[in-house]
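Notes follow the structure.
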Amino acid sequence: MKRQITLASTLLIGLLLAGCGNQQQAGRDFRAMLDAEWERLMRANPEWASHRGDYRYNREWTDLSAEAIAARQAEVRTVLERAEAIDPASLPQSERLNHELFVRQYRVLVEGQRFPIELMPFSHRGGVQQEHEMVETLRFAGVSDYEDWIARLQAFGTYVDQHIALAREGIRRGLKPPRFLMQRVRNQIDAHIKGGAPEDSLFWQAFSGELAEGIDEGAAERLRQSARTAISGTAVPAMQRLAQFFDDEYLPALDDSIGYCNLPDGGEWYAYLARYHTTTDLTPQQIHDIGLGEIERIRGEMEKIIEQVGHSGSFASFLRYLRTDPRFYYKDPDDLLRAYLATSKQLDGELPKLFGKLPRTPYGVRPIPAISAPDTTTAYYQPPAADGSRAGFYYVNLYRPETRPIYEIEALSAHEAMPGHHLQIALAMELEDLPKFRTGLNSTAFVEGWGLYAEGLAAEMGMYTDPYSRFGQLTYEMWRAVRLVVDTGMHCMGWTRQRAIDLLVDNSAKTEFDATNEIDRYIGWPGQALAYKIGELTIKELRADATETLGENFDIRAFHDTVLEQGALPLDVLRRRIEAWVAEQQRSAGSPPAK
C-alpha cells in the first residue's frame with residue numbers, strides 16, 4: 001500500500017510538473033504574440049513610435065490610404081481572434097492579467113471599427129497642421145536624426161493629400177465636424193503659408209541655431225540645404241493645397257451643429273465613446289446625473305470658502321472678483337512660468353509622505369509652443385521616451401497671462417506633474433517584466449482619474465493654504481463635474497455650445513476665454529472629458545472603503561503604491577485588485593475578512 005501511495009504521488013507530481021511546463025511554454029508563446037503585435041503597431045504608427053522614443057520609423061508617416069486603414073483594421077481583428085483562442089487557464093498566473101487586458105483592449109478596438117473616425121481627420125488641438133511640433137519629442141543627436149526629419153518633410157505631401165482624401169469621403173458620408181472648430185484649423189494652417197524663406201517656416205525649427213555636437217559645418221550646411229528644398233518644395237506647397245481645400249470644399253460643406261448624435265449612428269457612437277473612455281457601462285444619462293449631483297456638492301464647498309473670506313455679495317459677484325482683480329494674475333509670461341516652476345518643486349518635496357515608490361525618470365516644465373497656445377488648454381503633459389532618452393514634460397500655457405489665474409497653479413501642477421500624470425505614467429513606463437502594450441495602455445478613466453485625484457492629494461502635501469487656492473482647487477473639481485453634464489448634454493441631449501459655456505462660467509472661476517476653449521475641446525473630442533470625474537470618484541471610493549475596513553492598519557503609502565503598481569487599468573480591474581489587497585492586509589493583521 002505504501003509503495004502504491006508513493007507511486008501515485010510520483011505520478012501526480014510528474015503530471016503537475018508537466019502541466020507547469022506546458023503553462024510556461026504557453027506563456028512564452030503568448031508573450032511572443034504580444035511582442036509581434038507591438039512591433040506591428042510601431043511600424044503602422046510611426047508618429048506614435050517616435051513619441052514613445054522608438055526612432056526606427058522616424059522617416060515615415062502613418063499610411064492613411066483607405067487600403068492601409070482597412071488592412072490595419074483586418075489585422076486587429078485577426079490578432080483578437082488569436083488572443084481569444086487562448087484559454088487563460090493554460091497560461092501561467094503571471095500572464096492572465098496581461099491576457100485579460102489585451103483581449104479587452106482589442107475587443108473595444110474592433111467594436112469601434114464600425115465608427116469611421118478617420119473620416120473626420122482634422123482637430124484644432126493637434127494633427128497634420130501641427131506636426132511641426134513633433135520636433136519637441138524627437139532626438140537630434142547626429143546627422144541621421146536630421147536626415148530622418150528631412151525624409152519626413154519630403155513625404156509630407158502624400159500625408160497631407162491622404163488627409164484631404166479622407167475628409168472628402170467624410171463629407172460624402174455626412175461625417176462633418178463643426179465649422180467653427182475647422183475654422184480654427186484653417187487659421188493654424190495660415191502660419192505655414194505666410195512668409196517666404198524656408199527659414200521662416202515652422203518646419204525649420206530643428207535647423208535653427210547650432211546643430212548637434214559633432215556635426216561639422218560642411219555637413220550642417222548640407223543638411224540645411226536639404227531641409228530648405230524639402231520645406232519649399234514639398235511641405236509648404238502641401239499646406240497651401242490644404243488651405244485651398246479648406247477654402248473651396250471643406251468649410252463650405254460644414255455647419256455649426258455640435259452633437260455627435262447628429263452624425264450617422266451618432267447616438268450609438270457617443271455611447272460607445274462613453275464606455276471606451278470611462279471603462280464602465282454607464283449610460284450618457286447616468287453620467288449626466290452623476291455630474292449634476294457633483295455640481296451641487298462642490299458648489300456647497302465653494303460657498304463655505306466665500307463665507308470664510310468675508311465676501312458679502314453673490315456667488316456670481318465673487319467669481320467676477322476672481323476673474324477681474326489684478327492680484328490674481330501675472331502680466332508677464334515669465335513670471336507665470338516661474339510660478340509654475342516653484343509650485344512643481346514644492347510638490348516634489350512632499351511626495352515621500354504619500355508614496356513608497358517614486359519614478360526614476362525626471363520631468364521638466366516648458367511653455368506650450370506659441371502657434372498652438374491660443375487654441376489649446378491651460379496645460380498638458382508629455383510622457384518621457386520609453387528608452388529613457390527624453391524626460392517627461394509639463395507644458396504650461398503662457399499665452400495671455402492675464403487670463404491664467406494664479407489660484408489655479410497648485411491644482412494644475414498637481415494634476416499634470418507630481419503627484420499626477422508624471423508620477424503615474426513614468427512609473428508605468430518603468431514597470432519591469434510587463435509586455436510593452438501594458439506600459440502604453442491608455443485607460444483614460446484611470447490616467448485622468450488619477451490626475452484629478454492627485455489634485456486633492458495636494459492638500460495633504462501642504463498646498464492650498466490660501467483660501468483662494470483652495471477655491472481654485474474646487475474650481476478644477478467643479479470643472480470636471482461640469483464636463484459630465486455638458487459633454488453628454490451637447491452630444492446627445494441637444495445642448496447648445498453657449499449653454500455649455502454658461503454652465504462652466506456660472507459654476508467655476510474659469511474665465512470665459514478659458515471656458516470657451518474647454519467647451520470646444522469637448523465638442524471636438526467627445527467622451528474623453530467624462531473619464532476624469534468617473535475615475536476620481538472610483539479611486540476615492542476605494543480609498544474610503546479601505547480606510548474604513550483596515551482602520552489603524554491602513555497605510556496610505558502602500559495603498560497608493562498598490563493603485564499604481566500595475567500601470568493604468570480599467571476601473572473594474574482596479575477595484576478587484578484593491579479589494580484583494582485589502583483582504584491580504586486583513587490577513588496579515590490577523591483581522592477577520594470583511595463581510
Side-chain angles (χ1 to χ4, degrees), residues 301-302 305 309 322-323 325-355 358-359 361-369 373 376-384 391-427 447-480 508-511 513-514 517-518 532 536 560:
E301 295 296 313
M302 290 174 143
I305 292 179
V309 299
L322 292 180
R323 292 179 187 129
D325 194 299
R327 66 177 285 197
F328 298 120
Y329 300 88
Y330 291 109
K331 295 180 180 179
D332 188 333
D334 290 337
D335 290 337
L336 181 58
L337 179 59
R338 279 189 285 270
Y340 279 117
L341 288 164
T343 299
S344 299
K345 197 67 175 175
Q346 185 178 350
L347 283 163
D348 290 350
E350 301 299 322
L351 292 168
K353 294 179 181 178
L354 297 175
F355 299 91
L358 298 173
T361 308
Y363 76 95
V365 182
R366 283 179 174 175
I368 290 174
T376 196
T377 48
T378 311
Y380 56 79
Y381 171 72
Q382 175 188 283
F393 282 98
Y394 166 29
Y395 280 85
V396 295
N397 202 327
L398 306 183
Y399 175 71
R400 292 181 60 188
E402 70 278 6
T403 69
R404 314 285 175 189
I406 295 170
Y407 51 75
E408 69 179 26
I409 290 175
E410 292 179 3
L412 185 59
S413 299
H415 182 106
E416 301 293 348
M418 292 284 207
H421 285 332
H422 181 70
L423 187 145
Q424 183 266 311
I425 292 172
L427 278 176
V447 173
E448 296 298 353
W450 176 264
L452 180 51
Y453 172 76
E455 294 175 24
L457 282 186
E460 301 174 51
M461 299 167 70
M463 311 303 279
Y464 312 133
T465 56
D466 180 280
Y468 296 104
S469 289
R470 169 63 178 149
F471 196 91
Q473 186 260 320
L474 287 172
T475 279
Y476 266 50
E477 191 176 1
M478 176 67 84
W479 169 27
R480 279 40 168 267
S508 75
K510 282 282 180 187
T511 63
F513 175 81
D514 206 10
N517 269 346
E518 284 298 324
Y532 298 65
E536 180 232 17
H560 286 151

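Given the structure is predicted, the values throughout are model-derived calculations rather than measurements.
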### Summary
Rounded to the nearest 0.5 angstrom, the NZ-CD distance for Lys331 and Glu402 is 10.0 Å
### Query
Do you know the tightest heavy-atom contact between Ala414 and Glu455?
CB-CA, 4.1 Å
### Query
Sub-3.5 Å donor-acceptor pair from the side chain of Tyr399 to the main-chain atoms of Pro369, do we have one?
no
### Query
When rounded to the nearest 0.5 angstrom, what is the spacing between CZ in Arg470 and CE in Met302?
9.5 Å
### Query
Can you list the residues that meet the side chain to side chain contact (heavy atoms under 4.5 Å, CB included) rule with Thr343, with sequence neighbours excluded?
Leu347, Ile409, Glu410, Ser413, Met463
## Note on the structure
Applying side chain to side chain contact (heavy atoms under 4.5 Å, CB included) to Ala417 and not counting sequence neighbours gives Tyr363, Tyr394
#### Entry: Distance, nearest 0.5 Å, that separates CD1 of Ile406 from OH of Tyr340
10.0 Å
### Query
Is a side-chain N or O of His415 found less than 3.5 angstrom from the main chain of Gly420, in a donor-acceptor match?
no
### Task
Mark yes or no for whether Asn397, through its side chain, and Ala373, through its backbone, hold a donor-acceptor pair below 3.5 Å.
yes
### Query
When rounded to the nearest 0.5 angstrom, what is the spacing between CD in Glu350 and CG in Leu457?
12.5 Å
### Task
Please report the shortest heavy-atom distance between Leu354 and His560, naming the atom on each side.
O-ND1, 2.9 Å
#### Entry: Trp450 and Tyr453 aromatic ring geometry - parallel, tilted or perpendicular at 30°/60° bounds
tilted
### Query
What pairs with Pro383 under side chain to side chain contact (heavy atoms under 4.5 Å, CB included), at least two apart in sequence or on another chain?
His51, Tyr381, Ile425, Met429
### Query
Considering all heavy atoms of both residues, which atom of Thr361 and which atom of Ala426 are nearest to each other, and what is their separation?
CB-CB, 4.4 Å
#### Entry: Residue pairs passing the side chain to side chain donor-acceptor pair (under 3.5 Å) test where at least one lies in residues 456-467, sequence neighbours excluded
Glu460-Arg543
### Task
Report yes if some heavy atom in the side chain of Pro367 is under 4.5 Å from a heavy atom in the side chain of Tyr395; otherwise report no.
no
### Message
Quick one, Glu408 with Phe328, criterion side chain to side chain contact (heavy atoms under 4.5 Å, CB included). Give me CA distance, side-chain angles, the key distance, then yes/no.
### Response
CA-CA 10 Å; Glu408 69 179 26; Phe328 298 120; over 6 Å; no
### Query
Is there a side-chain contact between Tyr329 and Arg323 (heavy atoms, below 4.5 Å)?
yes
### Message
If I take atom CZ from residue Phe471 and atom CG from residue Leu322, how far apart are they, to the nearest 0.5 angstrom?
### Response
6.0 Å
### Task
Starting at OG1 of Thr475, measure out to CZ of Arg480 and round the result to the nearest 0.5 Å.
10.5 Å
### Query
Between Met478 and Ser508, what is the shortest heavy-atom contact and its length?
CG-CB, 4.3 Å
### Query
Does NZ or CZ of Arg327 fall inside the cone over Tyr468's six-membered ring, less than 6.0 Å from its centre and within 45° of the axis?
yes
### Query
Residues two or more places apart in sequence or in another chain: which of them pass salt bridge (Lys or Arg N to Asp or Glu O under 4.0 Å) with Glu536?
Lys533, Lys540
### Query
Strictly by modelled atom types, are Asp514 and Thr378 linked by a side-chain donor-acceptor pair under 3.5 Å?
yes
### Task
Give the minimum heavy-atom separation between Tyr407 and Ala509, together with the two atoms involved.
OH-O, 3.2 Å
#### Entry: With sequence neighbours excluded, residues passing side chain to side chain contact (heavy atoms under 4.5 Å, CB included) with Leu351
Asp348, Phe355, Leu358, Met418, Pro419, Leu423, Met461
